[in-house]
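Below: the structure, in structure tokens.
Just so you know, ligand 1 is whichever comes first in the structure, and atom 1 is the first atom listed for that ligand.
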Amino acid sequence: MSKLYDVIVLGGGPAGLAAGLYAGRARLETLIIEKEKEGGMIIQTEEVDNYPGAVEGETGPSLIAKMIAQVDRFKTERVIDTIQEVNLTSKIKVLKGKKEEYQAKSIIITTGARPRLIGCPGEKEFIGKGVSYCATCDAAFFEDLEVFVVGGGDTAVEEAIFVSKFARVVHVIHRRDELRAAKSIQEKAYANKKIDFIWDSEVIEIKGKGLVSGISIRNIKTGKITNIEASEEDGMMGVFVFVGYDPMTELFQGVLEMKDNYIMTDINMKTNIPGVFAAGDVREKSLRQVVTATADGAIAAVQAEKYVECLE
Ligand code: NAP
């Protein structure tokens, strides 16, 4: 029989690492299961200046490296595995992974969210061939090229600024005529000479031969369709998509209460199932930031500790 943990934290982003830290400090037998690499979406961020205590020049990866080192000091175990099936309703919670089966008295779900797709023809076909969802990962490939950034939120505008360090020109395509991004972020983008804006527009097709070499955009107000081709000299262009995120909750559909696929919790991170908690971007909440994710993780771990104590 596999080891019985007090707490299994599913997901190794900021919420999961904070939960692992608090559970480890409480001397609970704790395991963090992460499917790829710890850090979650913040490791794609080049500059973190809104996490209290982050030093100037702090990046997503540097912040996460410190969180991992801190978790490791408290003997919280960490494993890489992909969970494919869960049984959360029994007293002992069971998680079946690709590699192993795991058991715990309580579970903290911190699976986060993944980038949303535009959903237009050509988008999936050209992922990694001109279409990207991660500026930190891919911006350098577009040195001196023309790039289109889709979206008008904090992520789109911040990433447009980052991409402009490499690209010759960055066009932000937004479906409305005003940005959703915070004013301070907008100001930086408006002041950036390499960035311009294509308002009231959506991308309806991404085209190319092997690599992206053209896009079609439609003006939502006028219906006018514009086809844009890469210059012969460039031969290709970049399309960075930042139109929001979808929570990773497929495993819990029909089991946990959700709203728009986000897990519903109370203020103590409790879900509708005793012993099952959710923290971070995966839960229904008003502000999805590293600072709120880590706070959620801490609360969930303290509540899990109380829950496990009551079982004994
Ligand atoms: P978001 O705030 O949900 O913004 C998504 C953007 O994409 C919106 O401008 C939206 O347009 C547009 N959009 C949505 N679906 C679309 C579609 N199908 N086609 C075209 N455009 C579409 O997402 P986000 O910018 O990724 O931010 C997510 C959360 O992280 C937010 O809470 C944000 O504040 C936070 N965040 C904070 C920071 C920071 O504080 N430094 C940095 C990054 C992210 P509409 O505006 O018309 O809805």
State yes or no: are the ring centers of F166 and F141 separated by less than 6.0 Å? no
Sub-4.0 Å heavy-atom contact, E202 with ligand 1: no
Between N50 and ligand 1, which part of the residue brings a heavy atom under 4.0 Å of the ligand: side chain, backbone, both or neither? side chain
Between G152 and ligand 1, is there a nitrogen or oxygen pair with a distance under 3.5 Å? yes
With backbone taken as N, CA, C and O and side chain as the heavy atoms from C-beta onward, which portion of Y245 lies under 4.0 Å from ligand 1: side chain, backbone, both, or neither? side chain
Salt bridge or not between R27 and D6? Use side-chain N to carboxylate O under 4.0 Å. no
Which word best sums up how the rings of F240 and F142 line up, parallel for under 30°, tilted for 30 to 60°, or perpendicular for over 60°? perpendicular
Which residue and heavy atom of the protein sit nearest atom 34 (O) of ligand 1, plus the separation: D154 OD2, 2.6 Å
Tell me whether the count of non-hydrogen atoms from other residues, nucleotides or ligands lying under 6.0 Å of CD in E232 goes above 12. no
Looking only at protein heavy atoms, what sits closest to atom 2 (O) of ligand 1 is R180 CD, 3.4 Å
Could you tell me whether atom 31 (C) of ligand 1 has a protein heavy atom closer than 4.0 Å? no
Could you tell me if R288 sits above the aromatic ring of Y262, with its cationic atom closer than 6.0 Å to the ring centre and no more than 45 degrees from the axis? yes
Got the closest protein heavy atom to atom 47 (O) of ligand 1, with its distance? R176 NE, 2.7 Å
Please list, in number order, the atoms of ligand 1 under 4.0 Å from a heavy atom of R288. 30 (O), 35 (C)
Protein contact of atom 18 (N) of ligand 1 - nearest heavy atom, named by residue and atom, plus distance: R175 NH1, 4.1 Å
A student checking ligand 1 against F242 at a 4.0 Å heavy-atom cut-off should list atoms 7 (O)
Nearest non-hydrogen atom to atom 23 (O) of ligand 1 belongs to which of G119, S286, G153, G244? G244
Proximal candidate to atom 19 (N) of ligand 1 [heavy atom criterion; set V203, V172, V243]: V243
Spacing of E77 atom CD and K3 atom NZ [to the nearest 0.5 Å]: 3.5 Å
Check whether the ring centres of Y22 and F74 lie less than 6.0 Å apart, and answer yes or no. no
I173 backbone acceptor or donor facing S201 side chain under 3.5 Å: no
So if I count the atoms of ligand 1 from 1 in the order they appear, which ones are less than 4.0 Å from some heavy atom of H174? 9 (O), 11 (O), 45 (P), 46 (O), 47 (O)
Name all residues meeting the side chain to side chain donor-acceptor pair (under 3.5 Å) criterion together with N272; count only those two or more places apart in sequence or in a different chain, and write none if there are none. none
According to salt bridge (Lys or Arg N to Asp or Glu O under 4.0 Å), does anything in residues 150-171 pair up with another residue at least two apart or in another chain? List the pairs. R168-D234
Closest protein heavy atom (residue, atom, distance) for atom 35 (C) of ligand 1: Q289 NE2, 3.2 Å
In ligand 1, the atoms that come under 4.0 Å of a heavy atom of T155 are 24 (P), 25 (O), 26 (O), 27 (O), 43 (C), 44 (C)
Nearest non-hydrogen protein atom, atom 41 (N) of ligand 1: E158 OE2, 2.8 Å
Interatomic spacing from CD in E233 to CG in L145 - rounded to 0.5 Å: 10.0 Å
